[in-house]
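Quick note on labels: first sequence line is chain A, next is B, and so on, each numbered from 1. Every value quoted in this text rests on a predicted model; they were computed, and no experiment measured them.
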2 protein chains.
Amino acid sequence: MMDSKNEFLHVHEESIKKVSENIPDDETLYDLAELFKVFGDSTRIKILYALFTTELCVYDISQLLNVSQTAVSHQLRVLKTNKLVKSRKEGKNVFYSLADDHVYSIIGQGIEHIEE
Amino acid sequence: MMDSKNEFLHVHEESIKKVSENIPDDETLYDLAELFKVFGDSTRIKILYALFTTELCVYDISQLLNVSQTAVSHQLRVLKTNKLVKSRKEGKNVFYSLADDHVYSIIGQGIEHIEE
DNA sequence: CTAATATATGAACAGATATTCATATGAAAG
DNA sequence: CTTTCATATGAATATCTGTTCATATATTAG
């Protein structure tokens with residue numbers, strides 16, 4: 001308010017400076033958005049949640065979620081590319097399971113947020 | 001393999017049953033996906049991260065991130081609708097800040113995941 | 001080898017979404 | 001009251017994304 005310099009620049013310079021120092025580089029922020037984008041789809045969230053309990057093969061998942069086998073396959077690929085699930089081949093089946101614990105904690109935090 | 005019942009149904013019945021018991025209802029999963037969708041955009045992630053450090057007004061944010069004022073406004077509305085940020089009016093300015101701690105922890109987990 | 005089953009992949013289409021542009025609202029200054 | 005500044009909003013557009021359909025690959029059974 002009394003700071004004529006800020007008035008002149010039309011921005012709150014000090015805040016800008018503080019934030020610039022702490023914010024990660026563009027690439028990290030981009031990757032982060034890409035990661036959350038993967039969680040941002042009902043089908044994929046359902047798949048991940050299903051895998052909370054046990055590993056499942058593609059057909060199991062499609063039955064369980066009432067989603068076509070093709071759609072499940074496509075989404076599993078997205079999940080695998082982003083290292084959220086891993087797979088194991090057994091005969092004609094491919095079993096998918098969660099790749100690491102971050103999936104649990106990220107989804108957990110999400111649940112907490114919406115349950116308010 | 002030896003379980004003829006499973007063979008007949010083409011699915012692993014027991015797994016399906018276990019998962020069905022633990023999976024949240026469709027609405028919760030849908031809301032969860034909607035929440036993560038909000039995090040799944042570079043501009044919004046940048047805004048959230050900027051607000052980690054301090055509250056900021058719209059013009060500050062648009063300067064800081066090199067995004068048009070209009071785009072920032074639109075995205076802030078999305079963030080506010082989803083209760084990720086709150087706002088405070090001061091004269092001509094509207095200052096935005098993070099709405100709660102889940103934002104920190106969700107993004108924190110995301111960072112951990114991509115840093116591997 | 002042939003048929004059947006399980007999964008994957010590519011192209012096409014439909015629906016969603018982020019930005020831009022033009023403009024509206026609202027507050028302070030002159 | 002008029003102008004300027006800060007923010008918000010609505011419509012239009014271009015891009016992105018998820019599903020479907022058709023088909024390919026791969027494994028096992030007969």
Side-chain angles (χ1 to χ4, degrees), chain A residues 1-2 4 6-12 15-16 29-30 33-47 55-82 85-96, chain B residues 1-4 6-12 15-16 29-30 33-48 55-82 85-96:
Chain A
M1 286 297 127
M2 345 236 73
S4 60
N6 281 354
E7 288 305 309
F8 178 68
L9 288 167
H10 306 290
V11 291
H12 305 84
S15 295
I16 299 278
L29 293 170
Y30 179 82
E34 289 303 300
L35 175 67
F36 285 121
K37 210 169 280 181
V38 179
F39 287 88
D41 172 79
S42 299
T43 302
R44 287 192 295 264
I45 281 280
K46 285 178 190 172
I47 294 175
E55 66 171 8
L56 291 167
C57 73
V58 179
Y59 194 75
D60 288 344
I61 298 173
S62 88
Q63 291 284 301
L64 190 68
L65 307 182
N66 246 326
V67 179
S68 75
Q69 176 268 314
T70 317
V72 171
S73 254
H74 279 300
Q75 298 307 348
L76 282 169
R77 191 158 59 85
V78 174
L79 292 170
K80 197 172 180 183
T81 304
N82 286 274
V85 304
K86 55 180 192 279
S87 64
R88 167 178 84 76
K89 200 162 187 174
E90 185 183 309
K92 279 180 288 186
N93 289 307
V94 179
F95 286 90
Y96 284 86
Chain B
M1 286 296 131
M2 347 232 73
D3 188 337
S4 60
N6 279 354
E7 288 304 310
F8 178 68
L9 288 167
H10 305 290
V11 292
H12 305 85
S15 295
I16 298 279
L29 293 169
Y30 180 82
E34 288 304 301
L35 175 67
F36 286 121
K37 210 170 280 182
V38 178
F39 288 88
D41 173 81
S42 299
T43 302
R44 286 192 294 264
I45 281 282
K46 284 178 190 172
I47 293 175
L48 290 173
E55 65 170 10
L56 291 168
C57 71
V58 179
Y59 193 76
D60 288 344
I61 297 172
S62 89
Q63 292 284 300
L64 190 67
L65 307 181
N66 246 326
V67 179
S68 75
Q69 177 268 315
T70 316
V72 171
S73 255
H74 279 300
Q75 298 306 348
L76 281 169
R77 191 158 61 84
V78 175
L79 292 171
K80 198 173 179 183
T81 302
N82 286 275
V85 303
K86 54 180 192 280
S87 64
R88 169 177 82 77
K89 201 162 187 175
E90 187 182 308
K92 279 179 289 188
N93 289 308
V94 177
F95 286 90
Y96 283 85

Asker: If you look at every strand shown and take non-hydrogen atoms under 4.0 Å, does A:Y96 touch a base, only sugar-phosphate, or nothing?
Answerer: sugar-phosphate
Asker: Taking OH from B:Y59 and C1' from C:dA28, how many angstroms apart are they, rounded to a whole number?
Answerer: 18 Å
Asker: Using a cut-off of 4.0 Å on non-hydrogen atoms, how would the nucleic acid contact of A:Q75 be classed: base, sugar-phosphate, or nothing?
Answerer: sugar-phosphate
Asker: Would you say B:T43 reaches C:dT19's phosphate, i.e. side-chain N/O to OP1/OP2 under 4.0 Å?
Answerer: yes
Asker: Give a yes/no answer on whether the side chain of A:S68 brings an N or O atom under 4.0 Å of OP1 or OP2 in D:dT20.
Answerer: yes
Asker: With respect to the side chain of B:N93, which nucleotide from D:dT17, C:dT19, D:dA6 is positioned closest?
Answerer: D:dA6
Asker: Please state how far atom CG in A:L79 lies from atom P in C:dT7, giving the value in whole angstrom units.
Answerer: 16 Å
Asker: Of the candidate nucleotides C:dT7, D:dT19, D:dA8, which contains the atom at the shortest distance from the side chain of A:A71?
Answerer: D:dT19
Asker: So, OP1 or OP2 of C:dT9: does either fall under 4.0 Å of a side-chain N or O from A:R77?
Answerer: yes
Asker: Is there a side-chain contact between B:T70 and B:H74, using heavy atoms and a 4.5 Å cut-off?
Answerer: yes
Asker: Rounded off to whole Å, could you give me the CD-to-C1' distance for the A:Q63 and C:dT5 pair?
Answerer: 14 Å
Asker: Out of D:dC5, D:dT20, C:dT7, which nucleotide sits closest to the side chain of B:K92?
Answerer: D:dC5
Asker: Hey, does A:L56 have a side-chain heavy atom less than 4.5 Å from the side chain of A:L64?
Answerer: yes
Asker: Want to settle it: does A:T70 or B:V58 sit nearer the 5' end of DNA chain D, counting the closest nucleotide to each?
Answerer: B:V58
Asker: Any donor-acceptor pair under 3.5 Å linking the side chain of A:R44 with the backbone of B:A33?
Answerer: no
Asker: B:N66 has an atom CG; how far is it from atom P of C:dT20, in whole Å?
Answerer: 11 Å
Asker: At their closest point, which heavy atom of A:I45 faces which heavy atom of A:F39, and how far apart are they?
Answerer: CG1-O, 3.0 Å
Asker: Starting at CG of A:D41 and ending at P of C:dA16, how long is that distance when rounded to a whole Å?
Answerer: 13 Å
Asker: In whole Å, I'd like the distance from the CD1 atom of A:I61 to the C1' atom of C:dA6.
Answerer: 13 Å
Asker: Under 3.5 Å, is there a donor-acceptor pair between the side chain of B:N93 and the main chain of B:F95?
Answerer: no
Asker: With the side chain of B:Q69 defined as its heavy atoms from C-beta on, choose the nearest nucleotide among D:dT7, C:dA8, C:dT20.
Answerer: D:dT7
Asker: For A:R44 and D:dG18, is the shortest distance between a side-chain N/O and OP1 or OP2 below 4.0 Å?
Answerer: yes
Asker: Which of these nucleotides, C:dT7, C:dG26, D:dA8, is closest to any side-chain atom of B:K89?
Answerer: C:dG26
Asker: Quickly work out the A:I47 CD1 to C:dA8 C1' distance and round it to whole Å.
Answerer: 14 Å
Asker: Could you tell me the separation between the NE2 atom of A:H74 and the C1' atom of C:dT7, rounded to a whole number of Å?
Answerer: 11 Å
